[in-house]
There are 2 protein chains.
Amino acid sequence: MAAPRFRRIAEELIRRIDQGEFSEGEQLPTEVELMNEYNASRNTIRDAIKLLIGRGLVYTSPGRGTFVLKSVEPFALTLTSVNRETSESEAYRFEAKLQGRKAEVSDPRVEIQKADKLVAWALGINEGDRVVIRHQERRIDGRPWSLQTSWYPMAFVTKGAERLIDAEDIVEGVVTYLREKLGIEQVGYRDKITARVPNAYEASFFNLPDSGSTVIVHDRIAYGQDGKPIRLTNTIYPADRNELYIEVGEVPPLHFSKRGGATGNDEGDAARADGARP
Amino acid sequence: MAAPRFRRIAEELIRRIDQGEFSEGEQLPTEVELMNEYNASRNTIRDAIKLLIGRGLVYTSPGRGTFVLKSVEPFALTLTSVNRETSESEAYRFEAKLQGRKAEVSDPRVEIQKADKLVAWALGINEGDRVVIRHQERRIDGRPWSLQTSWYPMAFVTKGAERLIDAEDIVEGVVTYLREKLGIEQVGYRDKITARVPNAYEASFFNLPDSGSTVIVHDRIAYGQDGKPIRLTNTIYPADRNELYIEVGEVPPLHFSKRGGATGNDEGDAARADGARP
DNA sequence: AACGATTTGTTCGTATGTATC
DNA sequence: TGATACATACGAACAAATCGT
């Protein structure tokens with residue numbers, strides 16, 4: 001009936017972390033020390049630590065040790081202010097400044113490819129039509145924060161928006177650029193939000209642990225005044241350092257002084273809910 | 001220099017699954033068979049399988065074996081149609097019907113508690129003030145789909161909205177009920193979206209594997225015409241069966257015939273991105 | 001209902017590799 | 001260079017769940 005050994009040890013360690021016995025930064029005994037403390041084998045200790053990693057409480061570093069993670073102040077990004085008309089890319093810079101952080105955007109890696117089925121469907125073009133792909137890495141205060149890839153119909157370039165294929169940031173925003181160059185007005189967009197485990201590239205760029213971490217996937221299809229898609233944008237946010245906000249109607253301004261916002265706690269609800277289970 | 005053994009074995013197995021050598025449902029050789037196939041120890045095989053579990057490709061069942069997961073058709077929920085004024089709870093039922101699925105909502109578990117710091121902050125009341133908590137389990141086609149908990153100021157009840165503390169579903173929607181009873185008009189809301197690893201209760205309710213699964217956390221604070229918060233809602237969506245949509249401005253209708261929508265692929269972007277890495 | 005065979009889950013012990021200081 | 005600490009890998013044993021007989 002008792003939970004397995006590594007799980008009980010993990011719970012005990014979580015308790016010790018929560019109670020502040022190990023604080024942020026360095027800390028946590030080495031595996032060998034924990035073996036002696038808990039009289040368990042090294043594999044069992046390692047299984048317990050894997051659970052802590054999965055909870056996002058600690059990380060390990062070969063040759064150094066196991067450390068309690070600093071809770072990173074998450075970056076709040078508002079996807080939707082109905083009144084503001086910025087593109088998501090501009091919103092990113094705007095909000096970073098608002099929160100007193102330094103947003104950096106890498107020069108884009110630009111590719112021209114043939115649209116696969118999904119891209120063709122999203123952009124309303126034919127499979128095999130050429131598309132411009134712009135991929136950017138975005139950082140905040142030097143830390144990797146999100147990965148963005150956008151797809152545009154190649155037709156935009158041939159019609160005059162040549163800067164789309166320059167490997168240079170379009171500072172005024174692509175939405176603005178397309179309006180000025182081609183008269184295309186962005187009248188709306190649909191966002192899709194999902195979440196999953198990071199793939200190998202994402203784990204490496206964001207420096208995410210092998211297990212237990214998650215990324216938020218944000219796809220946006222923006223539409224022009226003729227109802228046709230303008231672009232497809234895919235953004236990857238590591239969940240441990242991002243919060244996405246959506247505002248509809250009239251809402252009071254958001255203050256960034258408070259840490260966490262509303263019910264961001266992992267265990268509070270569970271405790272309540274568990275209490276009512278048979 | 002080469003990737004570790006268990007990782008190479010995992011990649012090989014992923015390839016075999018993708019190529020359809022093992023299809024949905026039963027399948028995958030037993031650990032002992034894989035030991036022989038790959039000439040590796042059982043622990044190494046098990047480490048490889050853990051990666052597959054983390055990718056959401058397979059699940060294990062003690063005494064039975066390892067099985068390829070059926071990919072579930074995700075449920076698409078639109079959080080934001082600026083024009084439509086429904087509450088998120090009503091939207092859930094509405095969209096389920098739209099997609100030809102049967103949405104069930106459990107009778108709520110109702111509690112009265114003192115507001116902790118976060119709830120008090122969200123509802124704009126004092127810490128320790130009493131709040132009504134309504135917790136509901138929601139299913140689609142019989143499968144557990146989301147968990148919702150809402151907090152209301154107790155003052156609403158004393159002012160006449162007694163049904164808030166009834167352990168019965170408010171079918172017309174709480175927003176409508178509060179308008180009729182108290183004249184409170186919902187004029188806007190702010191959503192916060194994050195993602196994390198499920199806690200024990202969530203994992204058990206949604207029947208999620210121990211490792212590698214993720215839930216989307218959706219917090220909504222709704223505001224009334226006086227600019228004060230009406231309610232705080234916390235919804236948990238298992239990421240493997242949910243897609244959240246946000247619509248802003250004018251967008252063409254979404255069709256549900258296509259599987260996956262736009263760029264829902266895990267590896268496509270990674271492959272592209274990896275190609276450009278040193 | 002009981003039993004045995006099969007399969008995954010847990011735990012131990014040990015050895016070697018690799019990163020860090 | 002050596003010491004330390006985590007990462008990988010092997011082998012072995014028993015527990016617990018499942019299923020067919």
Side-chain angles (χ1 to χ4, degrees), chain A residues 1-13 17 22 25-69 200 203-204 207-213, chain B residues 1-13 17 22 25-69 200 203-204 207-213:
Chain A
M1 54 135 286
R5 193 95 185 267
F6 71 90
R7 209 170 275 280
R8 296 201 308 268
I9 294 175
E11 279 162 22
E12 166 79 8
L13 285 172
I17 292 175
F22 315 117
E26 168 81 35
Q27 239 83 337
L28 235 63
T30 68
E31 292 173 352
V32 179
E33 285 169 334
L34 289 173
M35 282 173 67
N36 299 327
E37 275 193 55
Y38 289 102
N39 194 31
S41 80
R42 182 143 171 258
N43 284 332
T44 303
I45 296 294
R46 282 177 62 75
D47 281 344
I49 291 178
K50 272 178 207 157
L51 282 190
L52 300 206
I53 295 175
R55 290 294 202 84
L57 291 175
V58 304
Y59 69 95
T60 59
S61 177
R64 299 206 297 132
T66 303
F67 305 88
V68 179
L69 263 170
S204 129
N207 196 20
L208 293 172
D210 222 37
S211 108
S213 57
Chain B
M1 50 133 275
R5 194 95 185 268
F6 71 92
R7 206 172 278 281
R8 295 202 306 271
I9 294 175
E11 279 162 21
E12 166 77 8
L13 286 172
I17 290 174
F22 315 117
E26 168 82 34
Q27 240 81 342
L28 238 61
T30 68
E31 292 173 352
V32 179
E33 285 169 336
L34 289 173
M35 282 173 66
N36 299 327
E37 276 193 55
Y38 290 103
N39 195 30
S41 79
R42 182 150 168 250
N43 284 331
T44 303
I45 296 294
R46 284 178 60 77
D47 281 344
I49 290 178
K50 273 178 205 156
L51 283 189
L52 300 207
I53 295 174
R55 291 297 202 83
L57 291 174
V58 303
Y59 69 96
T60 59
S61 177
R64 299 206 297 134
T66 303
F67 305 88
V68 179
L69 264 171
S204 128
N207 196 19
L208 292 172
D210 223 37
S211 111
S213 57

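Atoms considered below: every heavy atom in the structure, side chains included; atoms not considered: hydrogens, waters and symmetry mates.
Atom CD in B/Glu31 sits 8.5 Å away from atom CD1 in B/Ile45 (nearest 0.5 Å). With rounding to the nearest 0.5 angstrom, the OG1 atom of A/Thr66 is 10.5 Å from the CD atom of A/Glu33. The distance from atom CD1 of B/Ile17 to atom CG of B/Leu28, rounded to the nearest 0.5 Å, is 5.5 Å. Within the model, atoms CG of A/Leu52 and CD1 of A/Ile9 stand 10.5 Å from one another, a figure rounded to the nearest 0.5 Å.
Going from atom CG of A/Asn36 over to atom P of C/dC12 covers 13 Å, rounded to whole Å. Rounded to a whole Å, the OH atom of B/Tyr59 is 16 Å from the P atom of C/dT7. Rounded to an integer number of Å, the gap from A/Arg64 CZ to D/dC6 P is 11 Å.
Taking all atoms of both residues into account, the shortest heavy-atom contact from B/Thr44 to B/Phe6 is O-CB, 3.6 Å.
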Going 5' to 3' along nucleotides 7-15 of chain D, which nucleotides have protein heavy atoms under 4.0 Å from the base (write B), which only from the sugar-phosphate (write S), and which from neither (write -)?
BBBBB-B--
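Annotation: A/Asn36, atom CG; neighbour count of heavy atoms from other residues, nucleotides and ligands within 6.0 Å is above 12.
Put simply, B/Thr66 has no side-chain N or O that comes within less than 4.0 Å of OP1 or OP2 on C/dT7.
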